[in-house]
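Reckoned from all heavy atoms, side chains included, excluding hydrogens, waters and symmetry mates. So that the names make sense, note that chain A is the first sequence line, chain B the second, and so on, each numbered from 1.
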Amino acid sequence: MAETEETLKRIQAHKGVVATMVVNAEGIPIRTTLDNSTTVHYAGLLHQLTMKARSTVRDIDPQNDLTFLRIRSKKHEIMVAPDKEYLLIVIQNPSE
Amino acid sequence: MVGIGHPEIFPLVFTTRTQEIFNCRVDEDVTEENCFKLIKKDDIIQDLKTRAAISDFHPVKNIVLEYPGEELLIVFDANFQYGQNFYLVASEEAKENFLKPPETAEKMDSEEEKEETPEVCAYKPPVSKPWVSLGSEKEVEEESVKERVKKIKYMFSQGQRKFGAPISFTDRNASHVKDSYVECTSYQDKTFSIKVLEKHVGVQMVPKVREAGTQTQWTYPKNATTQYFPRQLSNEEKEEILSSEKLKQFLTSVCLRMEIALQQNEIMNAFSDDWKALEDDMSSPDGKSDICLKTYQTFTDLHYLKDKSISCICWHPTIYGIIAESATKQPSKEERTKLQHDSVIIFWSFFDPIHPQLILECLDDIYCFQFSPSDPNVIAGGCFSGQVVLWDISQYEEKLQNAKSVAVGMKKTVVNMNNVSVLSLLENDDMSELLFTEDDESDKGQILVRHCTSSSIHHSHEKRITDIHWLPDYFEVNRMGETFENRAGICVQLVTCSPDSLILFWDIRDTKLPTKHSSEKVKEENSFNMLPEVSDTSNDPDLIWKPLMKLSLCDSGEENNVKCSPTKISLQEQHYHYKITDKEQSLHKSQVHIKESPYAQMSISSKKTMNVLENISNNFFVGTEDGEIIYSDWEMKTSSNEEKIASNKYTIHKEAVNTVQRSPFFKDIILSVGGWNFAIWKEGVTNGPILQSNCTVQRYTAGHWSLTRPGVFYIATDDGNIDIWDLLKETHKPSHSQNISKSAITCISPRVASPKQQFLAVSDDSGVLHVLEIRRTLSHPSSNEQANILNYFEKRVQCLKNLKKDQEFEIRENGNGAGDTDGTNN
């Protein structure tokens with residue numbers, strides 16, 4: 001428990017990080033630094049997108065798998081690290 | 001010719017000749033009733049002989065000749081019963097029947113009529129009567145077929161001997177043997193063939209009808225809704241997952257990639273567009289339009305602003321689009337009437353350029369005013385008479401905010417916010433017609449708001465107040481000039497200066513009445529959330545608003561202390577309400593919901609618990625009427641000595657200084673404008689201004705720093721031009737000059753309304769307020785501009801130092817004299 005906390009805190013402490021979220025395989029948030037409604041919003045959308053991205057990668061080459069997903073927008077960058085059961089989502093403001 | 005069914009009747013046609021001969025003329029001798037005529041046989045025969053073929057009796061000649069009797073009956077057939085108009089009865093018996101039976105029939109009819117009573121006829125069985133032949137045997141005979149010819153009989157028989165002999169019968173095909181039989185074959189006889197030309201055929205069309213049935217299932221439409229909410233894990237589940245081993249493994253595996261990505265972002269922005277970044281640095285080429293300031297709106301009012309000059313403009317700090325201006329009599333007009341009831345501050349809104357939103361009234365012409373930074377509903381103004389006046393417009397805050405929706409057709413109301421008791425203290429009787437004692441709003445006139453407090457006239461300035469500022473909310477000053485921490489957190493103190501050489505510090509809390517009936521009244525009137533009740537403090541002996549601290553500036557270096565006459569003052573700790581940061585903007589938004597003015601909770605503070613603030617500097621710059629810039633401080637050495645000797649005095653401007661302003665970006669850079677030139681000073685540099693402009697043809701009437709660009713400021717001239725100076729471009733002339741109005745400009749005030757929109761309000765001598773929109777290049781600072789400007793100023797300071805050194809060197813070299821030139825910059 002303490003290790004997970006520490007890891008998450010370390011990630012959160014990076015420069016420009018706006019939010020950090022851990023989401024389970026069904027898109028239900030487990031741990032977040034944002035408010036509930038925003039978290040649920042992000043979790044739902046990004047979970048679906050990650051599933052889609054993963055299926056795309058595997059469709060092209062079944063031996064392959066998705067390791068990281070980065071979405072760069074005008075305001076932030078959303079980074080999703082998927083795993084078998086969980087997703088780690090971090091939103092960062094790129095250096096300006 | 002045989003009549004049909006009546007063999008003895010023969011229809012005849014009698015011509016008129018015949019009728020004349022036999023006297024059976026129609027309608028004369030023979031009529032319908034009397035239709036029988038007996039004609040002698042001989043006569044007929046005679047006629048036949050004489051006329052032969054043409055005699056009418058010719059067809060019945062034989063019958064007439066054979067007739068047994070003497071007379072023949074001719075009957076007139078009016079009805080053409082037998083086809084002709086007469087008929088001949090050929091037999092005696094028929095004749096008799098004709099002549100008689102009708103009589104019997106007539107008799108019988110008459111007998112029946114006489115009786116008139118129906119009687120049951122007794123059944124008479126038919127009595128057989130002898131057959132009376134009526135001639136039907138002839139017909140029968142004629143029709144019957146009789147054999148006329150006796151038939152010949154032939155009998156064939158075999159000879160005797162063949163009878164009884166044995167016979168053997170054999171078959172024989174008839175068709176095999178030729179001529180074994182005779183036949184009469186049918187043949188088509190052409191003479192009898194009938195060609196069928198027309199045949200009537202009946203056709204009936206019957207539609208083929210088939211009955212069939214289907215059954216569909218139609219479910220009626222129904223509204224259905226679903227509502228879902230996101231699935232969430234309960235806290236226990238979350239805890240459980242967080243402490244699970246799997247999560248730990250997940251995080252350890254995922255953490256590395258995430259950190260790599262994060263660090264990548266931190267190192268550099270891979271998507272930065274260098275080309276775009278370059279564009280910001282480049283200043284706009286002159287090829288673009290020359291107009292940097294676009295006219296956005298112009299406000300003027302015929303009623304209040306006729307022949308008036310606008311002395312001061314202030315933007316409303318929180319509400320977008322509201323700007324206030326104060327109008328004074330034009331300086332050229334010497335005569336000043338006593339009744340200054342139209343000395344006003346007018347509020348304009350962008351959304352209604354014709355009708356002012358609010359009008360604040362005052363006793364005297366207002367030369368300068370300021371919104372309180374803590375509460376934009378409190379406005380402090382300085383009058384011509386030297387008094388400080390306060391207004392509270394919290395009631396109208398909502399109205400100002402809703403200026404958008406009430407742009408046209410605004411209900412003009414006159415509101416009396418005074419108590420009844422105060423009305424007797426009205427100085428000007430003319431005002432009474434405008435103010436009513438009712439609390440209701442009536443549809444007359446415009447909203448006139450009277451000031452709520454004014455300072456005591458005896459204790460105020462002697463001359464007009466030329467500058468008024470609110471002290472920042474983090475410190476306050478006491479009578480000794482010491483700075484203390486401001487507990488209230490709101491701006492409660494003012495500083496004013498006036499050409500009577502006084503700088504006065506005022507405290508708003510002094511205007512609050514001591515606990516008396518008034519405070520109860522204030523509580524009662526819940527609708528008015530304002531400072532103490534309106535009263536003319538000059539008349540009410542209980543309430544006198546005196547300045548907190550007086551400072552008199554004197555000229556040093558002369559025997560009788562000649563007093564300076566400050567016109568503008570700029571404090572070190574100026575409340576930076578110019579710069580709008582994001583934090584402040586959000587603060588402004590939240591302030592919108594604050595109904596209660598922060599001043600309502602104000603109370604006279606006890607001086608015991610105040611903390612002394614050491615780091616507040618009490619220096620200030622003052623510009624005087626004689627064109628001097630004085631740098632001084634308000635520290636009071638002793639309590640009695642109120643005079644302050646101006647230590648640092650610079651004479652740069654030839655005429656009265658009209659602007660002394662600190663840069664919003666640098667605390668120690670001051671712009672001073674006066675006469676025919678302007679100068680930039682740095683606090684601490686005592687040699688002189690670090691930058692001084694050339695003298696120009698036109699007078700400079702006002703100046704203001706730009707709020708967003710550190711190196712840009714606006715200078716206004718007295719022929720209606722605005723010069724925009726950009727220190728990074730050129731320092732010897734304005735980068736841009738634009739003509740705004742025909743008359744002299746009196747005041748400039750820029751405002752950042754939104755990150756994209758910046759306005760510049762310019763007022764002139766003729767009472768017109770122009771609002772211009774600043775082009776983005778002028779409002780948007782280039783990157784590192786602040787650093788560049790800082791560098792520039794540093795260089796200038798250095799330059800000045802060097803110049804001073806050179807001067808000293810020259811003095812030493814030459815002994816005396818040398819230049820008294822300041823760091824003029826060509």
Looking at [X] and [Y], what are the two nearest heavy atoms and their distance?
X: B/E266; Y: A/K15; answer: OE2-N, 3.1 Å
X: A/P29; Y: B/K238; answer: O-CE, 3.6 Å
X: A/Y86; Y: B/I241; answer: OH-CG2, 3.5 Å
X: B/V254; Y: A/P82; answer: CG2-O, 4.2 Å

Checklist entry - When heavy-atom pairs shorter than 4.5 Å are enumerated against chain B, which of A/E26, A/R10, A/E5, A/H14 gives the highest number? => result A/H14
Rounded to the nearest 0.5 Å, what separates atom [atom1] in [X] from atom [atom2] in [Y]?
X: B/L233; Y: A/I28; atom1: CG; atom2: CD1; answer: 4.5 Å
X: A/N24; Y: B/R231; atom1: CG; atom2: CZ; answer: 8.0 Å
X: A/L8; Y: B/L242; atom1: CG; atom2: CG; answer: 8.0 Å
X: A/R70; Y: B/R257; atom1: CZ; atom2: CZ; answer: 13.0 Å

Checklist entry - Below 4.5 Å, heavy atoms only, C-beta onward: do B/N265 and A/R72 meet side chain to side chain? => result yes
Next on the checklist: Using heavy-atom distances under 4.5 Å, tell me whether B/S253 contacts chain A through its side chain, its backbone, both, or neither.
Outcome noted: side chain
Please list, one pair per line, the donor and acceptor atoms closer than 3.5 Å that link side chains of residues 56-65 of chain A to other protein atoms, with sequence neighbours excluded.
unit_1: A/T56; atom_1: OG1; unit_2: A/K52; atom_2: O; d: 2.6
unit_1: A/D61; atom_1: OD1; unit_2: A/Q63; atom_2: N; d: 3.2
unit_1: A/D65; atom_1: OD1; unit_2: A/R54; atom_2: NE; d: 3.4

Checklist entry - Taking non-hydrogen atoms and a cut-off under 4.5 angstrom, which of residues 31-42 of chain A neighbour chain B? => result A/R31, A/N36, A/V40
